[in-house]
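Heavy-atom basis, side chains included; hydrogens, waters and symmetry copies ignored. So you know, we letter chains A, B, ... as the sequences are listed, proteins then strands, and number each from 1. Keep in mind that this is a model prediction, so the values were computed, not measured.
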Amino acid sequence: MPATPSTQQILEALLFASDAPVGLSTLVEVLDGPDEAAVLSELQAMARALDEGGRGVALAEIAGGWQLLSRKEAAPWIDRMLRSRRKVRLSRAGLETLAIVAYKQPVTKVEIDGIRGVDSSGSLHTLLERGLVVIKGRSKGVGRPLVYATSSDFLSYMGINDLADLPELKELGAVLEERERLEMEPAEGDEPVPAEAVPGGSGEGAP
Amino acid sequence: MPATPSTQQILEALLFASDAPVGLSTLVEVLDGPDEAAVLSELQAMARALDEGGRGVALAEIAGGWQLLSRKEAAPWIDRMLRSRRKVRLSRAGLETLAIVAYKQPVTKVEIDGIRGVDSSGSLHTLLERGLVVIKGRSKGVGRPLVYATSSDFLSYMGINDLADLPELKELGAVLEERERLEMEPAEGDEPVPAEAVPGGSGEGAP
Amino acid sequence: MTDEKVSDEHLPMRVQLPAFEGPLDLLLHLIQQDEIEITDIPIAKITRQYLETLDLMHELDLEVAGEFLVMAATLMRIKSRMLLPPPITAEEEEEDPREGLVRQLLEYRRFKEASRELERMEGERRLHFDRGAPAQLEDPDASELLPVSLFRLLDALKNVLSRQAPVPVHTITAEPIRLEEAIGLLETHLKERPRALFEEMLDLFVSRLEKITAFLGLLEMLKSGTIQVAQEDLFGPIWVEWRGDAPPENPENGELSEGGEEDQAPQAIHAEEE
């Protein structure tokens, strides 16, 4: 390695030294030379090179920054090495609560409980404790209840860059629209709705 | 990347994800295929490839194990990155003291010590230094002790606009108390709660 | 009303009962199991199955949360309303008694499905490991504090209060004041009244020890340039003036003299203190 490392080398070293996403602006600032566009194209080149070079790590754009991550194909071996040193996965209750917060944020606990039909204190506690959900402030509504939102750790936890990267629940919109249409129609007794009028029961791949 | 990763790839991923140098014997055990001599020669090949490829990282044998490290030539940049991002965590004692000041302000040190049951000079000092807490004046009480309050920096530190936005204990009561008991088992409900704790199913108005 | 297959009335008496997140989860399960259209629930049948499941949960010694019972009552109420004859006037459109429940089920199902999607993403992300040994700076004179969430703050308060230390014996020993506390108090005071008499400032401090500390504080502030000290004539009163965080070399205020007096003033106070 030459005395003065190349941008590519510095970038790799920087990303390598970090266990969390590093923002593009931080990289630009630290490199103190190439502009944003240049750094971005270096990053893209690095991502490609890592993909093509048959390497054990990959460069991902996540939670608004760049981070090196091990390749998923190596997961079984890493699991074996780290054994139990990992955080447990979220419970079903936790995931339900998280989904409501993610899609309806900012949201109050009363709203969450209402949708789940069950008290969500325990799951909310876990989500707050793990930093995936934060108290965002207060709603303007009556009694000014606290509102909850997802954190940037949530993005990183889900491996996405942005809330807009959450899968769009087209089907949900469809369900509601369908409901509204049904409500418009005169209620013809209890006539069953044709099956295809209502999206199927399970959430299989929406287009 | 092929479905079955190469030994080289697995090795890189293992060394990347490990939080300490990994011993040769551990690597052999985790790989569960090639023998010690083979793994050693893979490691040596990887070290050479990283050296010759002008890469930002290097593979080194330290403390009886193998570890991937950023190249030392990149150290100044890494230092700069860490410095720009470097943040310290408020200690537990500091956080407790801050919580008491936030919720009981204006409050004297004797009161804080009384609540915490220990001397809080150190934490109070840190909080003053950090500008999260300020001396508000003197109490009218015996000895005219100093009284402490939170600063405006505290508000921005917590991400709120107003002290009134601080959540109250009773407001978050159940969420604070109730830890999901499962954690281990991914499919279980929230802890049962008395019926009146949950609005009859739908999310009707706040208290 | 819809065809309720009376034949198929046995609940699957599996020993293993799936864990239900709540009454809505259980209802969805029953509906899905019978392949019933969610918008047209055969309420009598579902109610029966629901109650049977609750019984089973009791038998299996599972805790049945209150919400399950609330839902049972709701189901029975809907059932009885369904039995009422339809309104006589055709104009008067009565809402289907199941309407509210259906809406709730659909809404819940939306998020249940979303949660499966999140679960998939979580699983996918967990295959990728973060760097295990990130670089760290050694010197701990850190510049910035990591943000703390409101939850952590409140949690800390809760912990502290639940520890509830024994009420301390109130011995009124003078609390030794720290230098930075003294400076803090002086600053607060000076921000309100930017020009004050030296003696007046020291009066803020009670004990002799505190006064000395305050004096050291003033020295410190002088050094850092946040205050200026001036004496109008040789044995006249000494004034302290607040200069904020402006750099010390900025002699704009003509009325306050700079230079040697800064050294002199503290001396005067010092003499007085002795």
Side-chain angles (χ1 to χ4, degrees), chain B residues 13 16-20 67 70 78-79 82-83 86-90 92 95-96 98-100 102-103 109-110 113-117 121 125 128-130 134-138 142-146 157-160 166-167 169 172 176 187-190 192-198 200-202, chain C residues 18-25 63-67 69-71 74 100-101 104 129-133 135-137 140 142-161 163-168 170 172 174-175 177-178 180-181 184-185 187-189 204 206:
Chain B
F16 171 83
S18 172
D19 55 2
Q67 188 167 28
S70 300
I78 293 174
D79 206 57
L82 294 179
R83 227 167 266 287
R86 186 238 314 249
K87 303 221 165 124
V88 288
R89 205 176 289 282
L90 209 50
R92 189 190 151 89
L95 193 56
E96 283 182 7
L98 183 60
I100 295 169
Y103 284 92
K109 182 174 167 299
V110 171
D113 290 350
I115 295 171
R116 290 196 59 223
S121 308
H125 172 76
L128 285 164
E129 203 172 65
R130 293 280 174 194
V134 290
I135 295 167
K136 205 51 194 256
R138 282 188 177 279
V142 193
R144 298 182 62 215
L146 298 172
Y157 180 64
M158 298 307 304
I160 53 177
L166 277 179
L169 265 185
L172 216 61
L176 279 173
E188 216 179 295
D190 279 306
V193 280
E196 69 271 18
V198 171
S202 72
Chain C
F20 298 109
E21 297 301 327
L24 294 172
D25 195 27
E63 262 178 300
V64 178
E67 297 96 331
L69 304 176
V70 173
M71 178 59 78
T74 306
L101 181 63
Q104 227 186 326
F129 289 76
D130 298 336
R131 172 73 171 133
Q136 261 147 13
L137 277 181
S143 45
E144 242 186 295
L145 271 185
L146 267 176
V148 159
S149 72
L150 286 168
F151 175 72
R152 290 254 169 268
L153 185 72
L154 203 55
D155 201 34
L157 182 69
K158 194 204 99 197
N159 287 337
V160 132
L161 293 182
R163 255 199 340 253
Q164 213 39 281
V167 182
H170 279 281
I172 309 170
E175 237 179 280
I177 189 172
R178 282 171 170 272
E180 40 286 313
E181 288 172 334
L185 184 57
E187 278 182 3
T188 310
H189 192 81
L204 291 166
V206 185

Item to check | Gap separating the NZ atom of B:Lys136 from the CG atom of C:Leu185, nearest 0.5 angstrom | outcome: 12.5 Å

Checklist outcome for this item: Answer key: most heavy-atom pairs under 4.5 Å with chain B among C:Leu101, C:Asp25, C:Asp130, C:Leu69 is C:Asp130

Checklist outcome for this item: Smallest heavy-atom separation, C:Phe129 atom then B:Phe16 atom, equals O-CE2, 3.2 Å

Item to check | Considering all heavy atoms, the nearest B:Ile135-C:Glu180 contact | outcome: CD1-O, 4.4 Å

Item to check | Side chain to side chain, B:Val134 and C:Thr188, heavy atoms closer than 4.5 Å | outcome: no

Checklist entry - B:Gln67 versus chain C, heavy atoms under 4.5 Å apart: side chain, backbone, both or neither? => result side chain

Next on the checklist: Out of B:Ala13, B:Gly137, B:Pro167, B:Gly159, return the one with the most heavy atom pairs under 4.5 angstrom to chain C.
Outcome noted: B:Pro167

Item to check | B:Leu172/C:Leu150 under side chain to side chain contact (heavy atoms under 4.5 Å, CB included): CA gap, chis, key distance, verdict | outcome: CA-CA 11 Å; B:Leu172 216 61; C:Leu150 286 168; over 6 Å; no

Checklist entry - Checking heavy atoms, do the side chain of B:Tyr103, its backbone, both or neither come under 4.5 Å from chain C? => result side chain

Next on the checklist: Less than 4.5 Å to any heavy atom of chain C: does that hold for the side chain of B:Ser70, its backbone, both, or neither?
Outcome noted: neither

Checklist entry - Which answer fits B:Leu128, side chain, backbone, both or neither, if we ask what part of it has an atom under 4.5 Å from a heavy atom of chain C? => result side chain

